[in-house]
2 protein chains.
Amino acid sequence: MAGRSGPQGDEPRPHLSHRVPDLGALELLIAVARHGSLGAAAREVGITQPAASSRIRSMERQLGVALVDRSPRGSRLTDAGALVTDWARRIVEAAEAFDAGAQALRGRRDSRLRVAASMTIAEYLMPGWLIALRAERPGTAVSLQAGNSAAVAQRLLAGDADVGFVEGLAVPDGLDGVVVAHDRLALVAAPSHPWARRPGLLDPAELAATPLILRERGSGTRQVLDAALAGHGGLAEPLLELASTTAVKAAAVSGAGPAVLSELAISEELASRRLVAIPVEGVLLRRDLRAVWPAGHRPTGPARDLLSLTRAHPTG
Amino acid sequence: MAGRSGPQGDEPRPHLSHRVPDLGALELLIAVARHGSLGAAAREVGITQPAASSRIRSMERQLGVALVDRSPRGSRLTDAGALVTDWARRIVEAAEAFDAGAQALRGRRDSRLRVAASMTIAEYLMPGWLIALRAERPGTAVSLQAGNSAAVAQRLLAGDADVGFVEGLAVPDGLDGVVVAHDRLALVAAPSHPWARRPGLLDPAELAATPLILRERGSGTRQVLDAALAGHGGLAEPLLELASTTAVKAAAVSGAGPAVLSELAISEELASRRLVAIPVEGVLLRRDLRAVWPAGHRPTGPARDLLSLTRAHPTG
DNA sequence: TGACGTCATAAGCTGGGTTTATGAGCAGTG
DNA sequence: CACTGCTCATAAACCCAGCTTATGACGTCA
């Protein structure tokens, strides 16, 4: 050690977009992995072989790692290439979810299937459902409207939506519904936080008294939390107020403090222990997520297809 | 109903990269969300205000949705814009994981912290850990080598790695270690699969006799599965053999058949019910994930920092 | 040895995104 | 009321990344 001759220069850290290949390149890499040939991969993504060659090469230069072993009878991924490809796949997956959602947003008035959903559902569940729906019924044009429960109900009753998804304790008046999933709020913190190694259950009063990382006032998550802790002294002033669930998550992961988040948002962080859940005594932070429709008008056609994607058990 | 006048033309479906804005645009959008101003966002990402204006505008054209409400005293996201921004954040998150991993791969010989990890860990856990480590110790240069348990042990003993991560039942000879997480294999299928609504536990013999979607022979996941089902007639011929965990996952989600996957890979799909877990009677598909180091040489410095990110409980 | 596959190289073109320079709209202030 | 300061939009010139076409080199197989 010792030999550090300085802070290693100014360490040029250009923006993420300059250090991560663009989507086209990532798709190309994945295609190479699948086909074992640059030319075949090029054909799949609709470019010529030299373009593919050059693109892969520049990606290797950018990352500073050899990704593929070229040989006169094809190209296979190197070990590092396999790893990079797996990470690339996750970017592409997120891009597909983005695309599915965006495509639904675009189809405004005239679409076949109009879905109204609460924010949490629209944000975390719809993209996956839409990808699945697209796989099953490729032609379906979907439009997605996000709003609170009242707005969803209103749209359904006005005939402006074919099916809705809401979170909450009860089905709004005039609607029928079925529970399709659950949204449990979890208190989480980075593993380095003292609460993470605390034995036993946390006292709700202590939770209420502790400043948390939260979304801004008015978010559904915050309302539920407010209600649940009303009997324990009410919520303390937030440690940080952030504009999106993902921002809250990032702050919590980085150790800024404890946060309360939907389990839908943090499943991966929990699995990988970037966040740990802290059990709280007796506070029930669970909401049902329901598909809803105008009373008596069970969804048919595409709406029914969408519904069947979301629930494994009969309506009951 | 009725009025379908045709299959809606040939529906030009250009590649994903043409339908999803590039990373720079997504980062810009997120910056706009944070600052409430195009100009400020532009400054943050290092471009000029007109460039930002044009970029947001072209993104809106591409998506066919208004993303920001412009006013003479700033720009706020529209409802659709908020939704799109959340989806964008998930792409950026995946890109950050990619970057963290890639940066670790790049730092070959001379890096400060050399990590050797099994594939599952390198793929699913390391990127998150590296992001966290970077947040805590910004200067640390990390290199990541992926291989099986034997390769990890060899690198540690040869002094080519400072800390290792392996999956398996025991700590390799010559190493000390501590369990940092668990990798449970789960049998999963799309909610539409018959097994998904099956009551009770699945008979292991039936599982063994059923063709599954699997990774190619030789993968760690497949070895564990093979061993677990050896006493029940052995694994049937696979329904599909795919080259990556993500590909297996995608096939399972799309309803191609049941698959066996690490819970690390499917936590989000389980939470959103795009996949459901099917309990199997008495088959224990759980592996410990351990941090390991040469016996007697507890990690120090950056390696220790990394370790402390991964475990919430004392070494014991 | 010739045909077919692989990937690499070279030259020229195109377009998206950038910059600088400028203008227009609204708010707050004296 | 007009001045100052913020906002965003528009226009014109520029630059470079990535594309295509054309070609070449290398290895394998019949």
Side-chain angles (χ1 to χ4, degrees), chain A residues 12 14-78 81 85 88 95, chain B residues 12 14-78 81 85 88 95:
Chain A
H15 262 270
L16 198 57
S17 48
H18 298 126
R19 291 178 310 184
V20 176
D22 60 60
L23 270 178
L26 299 178
E27 286 190 285
L28 175 63
L29 178 63
I30 292 167
V32 170
R34 178 162 46 248
H35 286 106
S37 151
L38 292 191
R43 241 167 292 127
E44 175 180 322
V45 306
I47 61 177
T48 59
Q49 172 266 319
S53 179
S54 135
R55 210 142 184 202
I56 295 285
R57 175 173 289 285
S58 76
M59 188 156 43
E60 288 178 318
R61 238 184 313 115
Q62 182 181 22
L63 301 179
V65 176
L67 298 175
V68 304
D69 268 336
R70 292 145 240 249
S71 89
R73 65 182 184 296
S75 297
R76 292 211 81 67
L77 294 180
T78 61
T85 302
Chain B
H15 262 270
L16 197 57
S17 47
H18 299 126
R19 292 179 308 184
V20 177
D22 62 62
L23 270 178
L26 299 178
E27 286 189 286
L28 175 63
L29 179 63
I30 292 167
V32 169
R34 178 162 47 248
H35 287 105
S37 151
L38 293 190
R43 242 168 291 126
E44 175 180 322
V45 307
I47 61 178
T48 60
Q49 173 267 318
S53 180
S54 134
R55 214 148 178 198
I56 295 283
R57 174 173 291 286
S58 76
M59 190 157 37
E60 289 177 318
R61 241 184 312 113
Q62 181 181 23
L63 301 179
V65 176
L67 298 175
V68 304
D69 267 336
R70 290 144 240 249
S71 90
R73 67 183 183 296
S75 297
R76 293 212 81 67
L77 294 180
T78 62
T85 303

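Within every chain, numbering begins at 1; the chains are lettered A, B, ... in the order of the sequence lines, protein sequences first and strands thereafter.
DNA chain D lies under 4.0 Å from at least one heavy atom of each of the following residues of residues 26-39 of chain B: B:Ser37, B:Leu38, B:Gly39.
Residue-level contact check: B:Ser75 touches the backbone only, with heavy atoms under 4.0 Å from sugar-phosphate atoms and none from bases.
Between A:Ser58 and B:Ser54, the one whose closest nucleotide on DNA chain D sits nearer the 5' end is B:Ser54. Across the interface with DNA chain D, nearest-nucleotide mapping of B:Ala40 and A:Ile47 shows B:Ala40 to be the residue nearer the 5′ end.
A donor-acceptor pair under 3.5 Å links the side-chain atoms of B:Gln62 to the main chain of B:His18, judged by distance alone. In terms of modelled atom types and a separation under 3.5 Å, the side chain of B:Ser75 and the main chain of B:Gly36 share no donor-acceptor contact.
A:His18 has its NE2 atom 11 Å from the P atom of D:dG18, to the nearest Å. Between the CG atom of A:Asp22 and the P atom of D:dC19 there is a distance of 8 Å, given to the nearest Å. The nearest whole Å value for the distance from the CG atom in A:Asp69 to the P atom in C:dT6 is 17 Å. Atom NE2 in B:His15 sits roughly 12 Å away from atom P in D:dC19 (whole-Å rounding). At whole-Å resolution of the value, CG in B:Leu67 and P in D:dC8 are 15 Å apart. Taking atom CD1 of residue B:Ile56 and atom P of nucleotide D:dT7, one finds them 15 Å apart after rounding to whole Å. In this structure, the CG atom of A:Leu23 is 19 Å from the P atom of D:dA17, given to the nearest Å. Atom CZ of B:Arg55 is separated from atom C1' of C:dT19 by 14 Å (rounded to the nearest Å).
OP1 or OP2 of D:dA9 sits under 4.0 Å from a side-chain N or O of B:Ser53. Taking 4.0 angstrom as the limit, A:Thr48 places a side-chain polar atom (N or O) nearer than this to OP1 or OP2 of D:dT20. The shortest distance between the side-chain N/O atoms of A:Arg70 and the OP1/OP2 oxygens of C:dA8 is below 4.0 Å.
Here the side chain of A:Pro50 is nearest to one of C:dT20, C:dA8, C:dG25, namely C:dA8. Of all nucleotides listed (C:dG25, D:dT20, C:dG17), C:dG25 comes nearest to the side chain of B:Pro72.
In this structure the side chain of B:Leu29 reaches within 4.5 angstrom of the side chain of B:Leu77, judged on heavy atoms.
Distance NE2/A:His35 to CZ/A:Arg43: 8.0 Å, rounded to 0.5 Å. To the nearest 0.5 angstrom, B:Leu16 atom CG is 4.5 Å from A:Glu27 atom CD.
The salt bridge (charged side-chain N to carboxylate O under 4.0 Å, His left out) test applied to B:Glu60 returns B:Arg70, not counting sequence neighbours.
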Considering only distance and modelled atom types, tabulate donor-acceptor pairs under 3.5 Å from the side chains of residues 51-58 of chain A, sequence neighbours left out.
from: A:Arg55; atom 1: NH2; to: A:Asp22; atom 2: OD1; distance (Å): 2.4
from: A:Arg55; atom 1: NH2; to: A:Asp22; atom 2: OD2; distance (Å): 2.9
from: A:Ser58; atom 1: OG; to: A:Arg55; atom 2: O; distance (Å): 3.1

